[in-house]
2 protein chains.
Amino acid sequence: MARTIPIEAGSYTQDCDDCPIRHRAVCARCEHDELAQLEKIKYYRSFEAGQTVAWSGDRMDFVASVVSGIATLSQTMEDGRRQMVGLLLPSDFVGRPGRESSAYDVVATSDLVMCCFRKKPFEEMMLRTPHIGQRLLEMTLDELDAAREWMLILGRKTAREKIASLIAIIARRDATLALQPPTGGLTFELPLTREAMADYLGLTLETVSRQISALKRDNIIVLEGKRQIRIPDFDALIEQTGDDSDGGLLV
Amino acid sequence: MARTIPIEAGSYTQDCDDCPIRHRAVCARCEHDELAQLEKIKYYRSFEAGQTVAWSGDRMDFVASVVSGIATLSQTMEDGRRQMVGLLLPSDFVGRPGRESSAYDVVATSDLVMCCFRKKPFEEMMLRTPHIGQRLLEMTLDELDAAREWMLILGRKTAREKIASLIAIIARRDATLALQPPTGGLTFELPLTREAMADYLGLTLETVSRQISALKRDNIIVLEGKRQIRIPDFDALIEQTGDDSDGGLLV
DNA sequence: CAATTGCCTTGATGCAGATCAAAACATGGC
DNA sequence: GCCATGTTTTGATCTGCATCAAGGCAATTG
């Protein structure tokens, strides 16, 4: 099922500039020789928008970090109902050490480059290098918090609050990656189709479209094209999410 | 806010019989002297049904493992809407190393005994003892899977499927703890009020009550009292969840 | 034993969001 | 240019669950 296109074997560069693994993921505290070991088991894969990285149940013999582009993790019921359970932005980590097959459908929603590590040697390295495991634990705990934030969104928020929450999350992540403060005016690209947003929020695409139109009508957001969004007043957006203003909203 | 009743300092027993920490949690692979170190920083706390262990934002200077009883993790919005994000059964772990305050409301829904470890020494010990960290990573990954399973339930399932899913999850956990196979007839106690179930499933308590009545009417479940439930045919219950029969449904 | 309290059930009604349907826009291929 | 395909918007209608309301049942209390 999973059609993938490996593009190049990773070549060792000490600063690992092309790969965010060093910053958010496994090797932030690694020394030179550990980095060198990681480099040996590292390779890149790229995917086109819409391509499936792995279906739920597919054998997955690597773990990976997103270098550029966006991917989604989702679950599908037999009758086709789909729920996204994770959004993978650059620097996010995918794959579970100790599990041989993917538990979720992993789909590239834009052109995507991932930095992969073969699972077996990665696991062995984890055993030898405790801070890789520690880093992974931290990241997993962050993901768990994000998942629980989503549970609140899915279980208790109205359609309008859901959309506002999703836009706020993406805006925050986008601002973080771009190192812009998420206050004042802020422009970015919605990396998801209306349908993908619906699958994320437990809504239909029609409801998503209607609520986006409503937020536009109320000047909470400004659409520049279908996907490009400008947020004139970030605090006004946050008010629409139902969260208390200081709130966490991790992703 | 958090009123708690410490009952006894943990006394060291090599087999740690009274505490599931050894089996599911931190010390499964620990040697004698590491166990002894854990024992030194361990103490018990007990709570009555309905008592709050910690409010979101409260300082929490320990991590803990549930010994007996049930607790819930929940988030509350300003206007009172509540969403449970975790159900803590015996052997489950609470608390995040590296975070000083609780991110969730932790409430005992039955009489509860927890085996606590002071956070600072626990974290230090984690650094020295890699397999504690590894075990914690495994458990956190399991929790993440469970949270994602819940996202599907919350986002895409009908009220009837939600109730069936919750009953199935509790039945499975209960059977696992009691070491009974979760097939054929199976009797257990629902550890949650209708309201708590509603907060778990993103429903109202009235809907929960109606759907339980409906499942009873259709002979999927048999109520023996309000809380005692018998499941004559586990597979029939699973059919009501919307999952494919082999499915995971971790918690 | 009557009164109170907490939990649960059931009924009547309303509404947010789903569903069904159609059309407006893009974008790319030929 | 025209056609095909995919995405988005908007409208009309339907429905599952929320909401509002009342009453039942069991345990506890005075």
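Each chain gets a letter, A, B and so on, in the order the sequences are listed, and its residues count up from 1.
Looking at heavy-atom distances under 4.0 Å, B:T204 makes contact with a base. Residue A:G225 is classed as having no contact, given no heavy-atom separation below 4.0 Å to the nucleic acid. No engagement by A:I212 is indicated, since no non-hydrogen atom pair under 4.0 Å with the nucleic acid exists. Within the 4.0 angstrom heavy-atom criterion, only backbone atoms of the sugar-phosphate kind lie near B:R227; the bases stay farther away.
Per the geometry, CG belonging to B:D79 stands 15 Å off P belonging to D:dA18, to the nearest Å. If you take CG of B:L205 and P of D:dA18, they are 10 Å apart, rounded to a whole angstrom. Atom CD in A:Q211 sits about 6 Å away from atom P in C:dG17, given to the nearest Å. If you take CG of B:L215 and P of C:dC8, they are 16 Å apart, rounded to a whole angstrom. Taking atom CD1 of residue A:I221 and atom P of nucleotide D:dT8, one finds them 13 Å apart after rounding to whole Å. Between the P atom of D:dC17 and the CG atom of A:L203 lies a distance of 15 Å, rounded to the nearest Å. The distance between atom CG of A:L192 and atom C1' of D:dT7, rounded to the nearest whole Å, is 14 Å. Remark: P of C:dG17 and CD1 of A:I163 are 10 Å apart, rounded to the nearest angstrom.
Side-chain to base pairing of A:E206 with C:dC20: one donor and one acceptor N or O lie within less than 3.5 Å of each other. A donor-acceptor contact under 3.5 angstrom links the side-chain atoms of A:R210 to the base of C:dT19.
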task = Begin from the C-alpha positions of A:R82 and A:E195 and carry the test salt bridge (Lys or Arg N to Asp or Glu O under 4.0 Å) through to its verdict.
result = CA-CA 10 Å; A:R82 190 179 317 145; A:E195 189 181 21; 5.1 Å; no
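Phosphate proximity of C:dG6 to B:T193: absent, as no side-chain N or O sits under 4.0 Å from OP1 or OP2. When the side-chain nitrogen and oxygen atoms of A:S213 are compared with OP1 and OP2 of D:dT10, one or more of them lie within a distance under 4.0 Å. Applying the 4.0 Å criterion to OP1 and OP2 of C:dC8, one finds that B:S209 has every side-chain N and O outside that range.
Exactly one of B:L192, B:T109, B:L73, B:D92 qualifies for a side-chain contact (heavy atoms from CB on, under 4.5 Å) with B:L87. That residue is B:L192. Each of A:L112, A:V113, A:L89 was evaluated against A:S68; a single residue qualifies, A:V113, per the side-chain contact (heavy atoms from CB on, under 4.5 Å) test. Of the residues listed (A:D199, A:T76, A:L154), the one engaging A:Q83 in a side-chain contact (heavy atoms from CB on, under 4.5 Å) is A:L154, and it is the only one.
Residue A:E149 holds its CD atom at 6.5 Å from CD1 of A:I169, rounded to the nearest 0.5 Å.
Mapped onto DNA chain C by nearest heavy atom, A:K226 and B:T207 fall at different nucleotides, with B:T207 at the one closer to the 5' end. Mapped onto DNA chain D by nearest heavy atom, A:R156 and A:R194 fall at different nucleotides, with A:R194 at the one closer to the 5' end.
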